[in-house]
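To find a chain, count down the sequence lines: A is the first, B the second, and so on, and within it residues start at 1.
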2 protein chains.
Amino acid sequence: MPAQSSPPRTDSRPGGRSARVRAAVHQAVKELLADEAGDALTIPVVAARAGVHATTVYRRWGSVGELLADVATSRFSGDVVVPDTGSLREDLERYAYDLARDLSDPDTLALVRAIVGTGGEAAGVCRMERQRQLEAIIEREQGRGNEVPSIERAIETLLAPLYYRAVFTDQPLSPEWARSLVSHLLPK
Amino acid sequence: MPAQSSPPRTDSRPGGRSARVRAAVHQAVKELLADEAGDALTIPVVAARAGVHATTVYRRWGSVGELLADVATSRFSGDVVVPDTGSLREDLERYAYDLARDLSDPDTLALVRAIVGTGGEAAGVCRMERQRQLEAIIEREQGRGNEVPSIERAIETLLAPLYYRAVFTDQPLSPEWARSLVSHLLPK
DNA sequence: CCACTAACGCAACGATCACTGCGAGGTTCC
DNA sequence: GGAACCTCGCAGTGATCGTTGCGTTAGTGG
């Protein structure tokens, strides 16, 4: 036994071959999800759309569920910017607006719905980043010595209506409506 | 051409053969959804579990999507009883409690998540009955000449947090928490 | 510059899926 | 009681899916 040589270090440097096929496969998944077909989102279909062979997808991800989870993780991580205007109300309005705008994107919405459909354990990825963002805003205001609503209340008042309306209804998530949610959390 | 004889009247009388098959297939779908497998919920699997032949399922429903929609429709229709205690607050608390209890059932939750995953257009079935129930409660109170919150506010304050917590998180929907939602809608 | 590792393409295989005629059984209506 | 209709079971077919072994290519470190 060769004394555990090198750990399975995946080639993920930008521009590398693995990174390219990863991006292509992710893009194919998003396109197929948005492609309003309900069609089977199966590995061979994704691979064909991405221009790679199905074998590659099977080996790297194994199943549609893991592939979806990976796409969701890379979609809902990193590219969020916590608003910081100095005013809690304004921060929360920016936050609600950003989230409404994000969930209005058909690709994102289709991804969220697909993730929910895979069993829910991976659904946390779709909201965890946003929830942390919300917590950061409130904790920062708390650090300034002001009274703040509880995280739980903020989630119920902002996150829940936004996600509920996006996922379960066809009503648009207008900026005015998103801001009105903040006015119900901070009535004064 | 036989001059359109009789309309396709499905044999749905209770106890009939079609009704038995339908019930068995619906039960099989619920069991497989709750069976915590993520496994493929495919027509042959459902048929085998229901003790019928796959051909029957293919002919009556055609696809997994339509089958799921049918199961959801018959699951979320009819068996709801609108609370009527004479007090708006008590009605809403009963309502929230009933809904929390309903969504706490793993079978129901799995069905909701699966419906969402199929594309969203059928997701309305999972909430429409409940929304009508909520509207009925509020309109009845309004008929008594009292001030009432808007339907939209009630949906955002009650329906949205319940569905959000059930679908996206693993937190339990405790009766106390459900009641606390009402206290935020009716603060006085 | 050269060897080594890892990721990818290729071609097969078995298994399962979705679908289609055909016949049998039960229910309804005359 | 008999005939028509609908529903279901049965067997077979083509297509697709998931998986595996092997050779090739790209990227990495000495």
**Asked** Using a cut-off of less than 4.0 Å, is there contact between a side-chain N or O of A:Arg59 and OP1 or OP2 of C:dG9?
**Response** no
**Complete:** Taken in chain and number order and not counting sequence neighbours, the residues that satisfy side chain to side chain donor-acceptor pair (under 3.5 Å) with A:Gln171 are A:Arg165
**Prompt:** With B:Arg94, which residues qualify under salt bridge (charged side-chain N to carboxylate O under 4.0 Å, His left out), at least two apart?
**Reply:** none
**Item:** Value in whole Å for how far the C1' atom of C:dA18 lies from CD of B:Glu66
**Value:** 14 Å
**Item:** Residues in salt bridge (charged side-chain N to carboxylate O under 4.0 Å, His left out) contact with B:Arg132, at least two apart in sequence or another chain
**Value:** B:Glu129
Using a cut-off of under 3.5 Å, enumerate the N/O to N/O pairs linking the protein to nucleotides 11-17 of chain D.
none

**Request:** Measure from CZ on A:Arg22 to P on C:dA6 and round the result to the nearest Å.
**Result:** 18 Å
**Message:** I'd like to know if A:Asp102 pairs up with A:Arg75 as an ion pair, taking the criterion as any Lys NZ or Arg NE/NH1/NH2 lying under 4.0 Å from an Asp or Glu carboxylate oxygen.
**Reply:** yes
**Message:** Can you measure B:Leu41 atom CG to C:dA18 atom P for me and round it to whole angstrom units?
**Reply:** 10 Å
**Item:** Set of side chain to side chain donor-acceptor pair (under 3.5 Å) partners for A:Asp91, sequence neighbours left out
**Value:** A:Thr85, A:Arg140
**Message:** I need the CH2-C1' distance between B:Trp61 and D:dT7, as an integer number of Å.
**Reply:** 11 Å
**Item:** Relative orientation of the end axes in the helix from C:dC1-D:dG30 to C:dC30-D:dG1, expressed as an angle to the nearest 10° (five pairs per end)
**Value:** 30°
**Prompt:** Phosphate oxygens OP1/OP2 of D:dA26: is one of them under 4.0 Å from a side-chain N or O of A:Arg20?
**Reply:** no
**Prompt:** How would you list all residue pairs meeting salt bridge (Lys or Arg N to Asp or Glu O under 4.0 Å) that involve residues 64-73 of chain B, not counting sequence neighbours?
**Reply:** B:Arg22-B:Asp70
**Item:** Distance below 4.0 Å between B:Thr56 side-chain N/O and D:dG9 OP1 or OP2
**Value:** yes
**Request:** Applying side chain to side chain donor-acceptor pair (under 3.5 Å), name anything that partners A:Arg179, two or more places apart in sequence or on another chain.
**Result:** none
**Fill in**
Residue set satisfying ring pair (Phe, Tyr, Trp, His ring centres under 6.0 Å) with A:Tyr164, at least two apart, ordered chain then number -> A:Phe168, B:Tyr163
